[in-house]
Amino acid sequence: MRDEPLHSPDPQALLDWYDRHARALPWRIGPAARARGELPDPYRIWLSEIMLQQTTVAAVKDYFLAFTTRWPTVQDLAGAKDADVMAAWAGLGYYARARNLLKCARAVTLDHNGQFPRDHATLLTLPGVGPYTAAAIASIAFDAPETVVDGNVERVMARLFDEHTPLPAAKPILTEHAARLTPQDRPGCYAQGVMDLGATICTPKRPACGLCPWRSACTAWVRGTAADLPKKSPKKRKPTRLGIAYLARRVDGAWLLETRPDKGLLGGMLGWPGSDWTEDQPAEAPPIRAEWKTIDAEARHTFTHFHLRLTVKTALVPMERNPDRGEFIELPEFSPGDLPTVMRKAFDLAQGG
DNA sequence: CAAACGTGGGG
DNA sequence: TCCCCAAGTTT
């Protein structure tokens, strides 16, 4: 057994691989433009990077196209109504990202002369921009030699250097390896290349080591440990919580909805008035006096840290009756697509779906 | 440092 | 059914 790879991974080999295998994505410029030394629009890179946080490329694509069509520049987005942006983000998850997206667009427009900052430290001051995203924008949009460390890079580095310390404790070690490899030449393409390598070749399960440009420099490949890395700390099991959602339809077709508070789960999103979500049977909390009927099925949904079993109750209420909570919204001002997924599941259940 | 924070797809 | 995973940030 050796402690070091046979030779150090060559950044140029990774760049060559990227030039041959780069995926065409809506926020990327084409190979011809890249060859001319052009760089992508920082607004589009920022938007894509926020959307891609803990989210797959497949899930992001349509949202990215919808956002950039409706709000082509950061100034357009800064001028949008909060409710419109939250509705457009509905279904993508991690809704703090959408709230910070607007804060950030407005900060760039008002505090930075409408231009994204180019340096890592200033980028880090923007809402929703952490160490990874600041490095991604600086390197991809401005070709600065910053080191991106996302889940892909962690996995690639853990394997290249056969690092068995479990995450997240291993993060500083893996970051150090990644920083040492980052080249001064074409750091933006290099950053995207490492992440593409992790996404398509150096995958979590069954990595395609036979296709990897860094195979001969990979200690885990030499030792046969690649598929077992990176190690991760054991996860906790998710508890189950119970809740009740109240779907009131007025006789004119309007639905009773409320905008959730900015803090906490589904913050800032539209939703059905309901009970607290608790491990014990929740107390009734009808938002309006009505003859509530319980639907004979639950809406089941899993969040990051708990499972939810949601009982759905429906009622038809007359025009003149006022709710204790929420407000009636008529179609088409309200569309089910504006709801976060768990709320849309409740709606689908009430519709008999 | 641990916990909160969504959702959909794959094995 | 259930667990893992995905271009992380904030508190």
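First the proteins, then the strands, lettered A, B, ... as listed; each starts at 1.
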Trainee: Checking side-chain polar atoms at under 3.5 Å, does T225(A) have a donor or acceptor matched by the opposite partner on D228(A)?
Mentor: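 Short answer, no.
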Trainee: Reckon L92(A) touches a base, only the sugar-phosphate, or nothing at all at heavy-atom distances under 4.0 Å?
Mentor: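 The answer is base, as L92(A) lies within the cut-off (heavy atoms under 4.0 Å) of a base atom.
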Trainee: What is the separation between atom CZ on F306(A) and atom P on dC2(C), rounded to the nearest whole Å?
Mentor: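 Atom-to-atom, F306(A) to dC2(C), this comes out as 17 Å.
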Trainee: Say you pick atom P in dC5(B) and the same atom in dC2(C); how far apart are they, in whole Å?
Mentor: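 Looking at atom P only, dC5(B) and dC2(C) are 22 Å apart.
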Trainee: What is the per-nucleotide protein-contact pattern of nucleotides 4-11 of chain C, from the 5' end, where B denotes a base atom under 4.0 Å from a protein heavy atom, S denotes such proximity for sugar-phosphate atoms only, and - denotes neither?
Mentor: -SBBBSS-
Trainee: If only side-chain N and O atoms count, and only distance matters, is there a donor-acceptor pair under 3.5 Å linking Q115(A) with Y43(A)?
Mentor: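 No, no side-chain donor-acceptor contact under 3.5 Å.
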Trainee: To the nearest Å, give me how far apart CZ (R241(A)) and P (dG6(B)) are.
Mentor: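 My rounded result for the distance is 12 Å.
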Trainee: Can you check the distance between dA7(C) and dG11(B), where both ends of the measurement are the P atom (answer in whole Å)?
Mentor: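 Rounded to whole Å, the distance is 16 Å.
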Trainee: Between K238(A) and H307(A), does any side-chain donor sit less than 3.5 Å from a side-chain acceptor?
Mentor: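 There is no such pair between these side chains.
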Trainee: If you look at every strand shown and take non-hydrogen atoms under 4.0 Å, does R206(A) touch a base, only sugar-phosphate, or nothing?
Mentor: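 The residue R206(A) makes no contact with any strand.
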Trainee: Find the distance M269(A):CE to dC5(B):C1' and express it as a whole number of Å.
Mentor: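 Spelled out: CE on M269(A) to C1' on dC5(B) is 13 Å.
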Trainee: Taking the nucleotide of DNA chain B with the closest heavy atom to each, which residue, T302(A) or P168(A), is nearer the 5' end?
Mentor: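 Its nucleotide being nearer the 5' end, the pick is P168(A).
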Trainee: Want to settle it: does A169(A) or Y95(A) sit nearer the 5' end of DNA chain B, counting the closest nucleotide to each?
Mentor: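 Comparing both residues, the 5'-ward one is A169(A).
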Trainee: Look at T341(A) and dG6(B) and indicate whether a side-chain polar atom (N or O) is within less than 4.0 Å of OP1 or OP2.
Mentor: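 Indeed not, no polar side-chain atom of T341(A) lies that close.
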Trainee: For G267(A), report the nucleic acid contact type (base, sugar-phosphate, nothing); a contact means any heavy atom under 4.0 Å.
Mentor: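 Contact class for G267(A): none.
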Trainee: Mind calculating the distance between CZ (R237(A)) and C1' (dA3(B)) to the nearest angstrom?
Mentor: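 In whole Å, dA3(B) C1' and R237(A) CZ are 18 Å from each other.
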Trainee: I'd like the P distance from dT9(C) over to dG8(B), given in whole Å.
Mentor: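 Looking at atom P only, dG8(B) and dT9(C) are 23 Å apart.
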Trainee: Do D252(A) and F328(A) come close enough that some side-chain heavy atom pair is under 4.5 Å?
Mentor: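 Of all side-chain heavy-atom pairs linking F328(A) with D252(A), none is under 4.5 Å.
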Trainee: For W221(A), enumerate each residue passing the ring-ring contact (aromatic ring centres under 6.0 Å, His included) test, keeping only those at least two apart in sequence or located in another chain.
Mentor: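 With sequence neighbours excluded, W221(A) shows a ring-ring contact (aromatic ring centres under 6.0 Å, His included) to no residue whatsoever.
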Trainee: Less than 4.0 angstrom between a side-chain N/O of H305(A) and OP1 or OP2 of dC5(B), yes or no?
Mentor: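 For dC5(B), OP1/OP2 do have a side-chain N/O of H305(A) under 4.0 Å.
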Trainee: Which whole-number value in Å describes the distance from R300(A) CZ to dG6(B) C1'?
Mentor: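 It works out to 18 Å between those atoms.
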Trainee: Would you name the heavy atoms of P282(A) and S275(A) that are closest together and state the gap between them?
Mentor: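 Distance-wise, the nearest heavy atoms are CB-OG, 3.5 Å.
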Trainee: Rounded to whole angstroms, how far apart are NE2 on H307(A) and P on dT7(B)?
Mentor: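 Rounded to whole Å, this separation is 15 Å.
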Trainee: What distance, rounded to whole Å, do you find between the two C1' atoms, one in dT10(C) and one in dC1(B)?
Mentor: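 So the two C1' atoms sit 13 Å from each other.
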Trainee: How many Å lie between CE on M343(A) and C1' on dG6(B), as a whole number?
Mentor: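 Computing the M343(A):CE to dG6(B):C1' distance gives 12 Å.
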Trainee: Reckon K236(A) touches a base, only the sugar-phosphate, or nothing at all at heavy-atom distances under 4.0 Å?
Mentor: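 Sugar-phosphate contact only.
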Trainee: Separation of D62(A) atom CG from dG8(B) atom P, in whole Å?
Mentor: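 Taking CG of D62(A) and P of dG8(B), I get 13 Å after rounding.
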Trainee: Take atom CD in Q75(A); do more than 12 heavy atoms of anything else shown fall under 6.0 Å from it?
Mentor: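 Yes, CD of Q75(A) has more than 12 neighbouring heavy atoms, counting only those of other groups under 6.0 Å.
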Trainee: I'd like to check the side-chain contact (heavy atoms from CB on, under 4.5 Å) partners of A208(A); sequence neighbours left out, ordered by chain and number.
Mentor: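 Here the qualifying residues are I201(A), L211(A).
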Trainee: Does H301(A) make a side-chain N or O approach to OP1 or OP2 of dG6(B) shorter than 4.0 Å?
Mentor: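 Negative; the distance criterion is not met.
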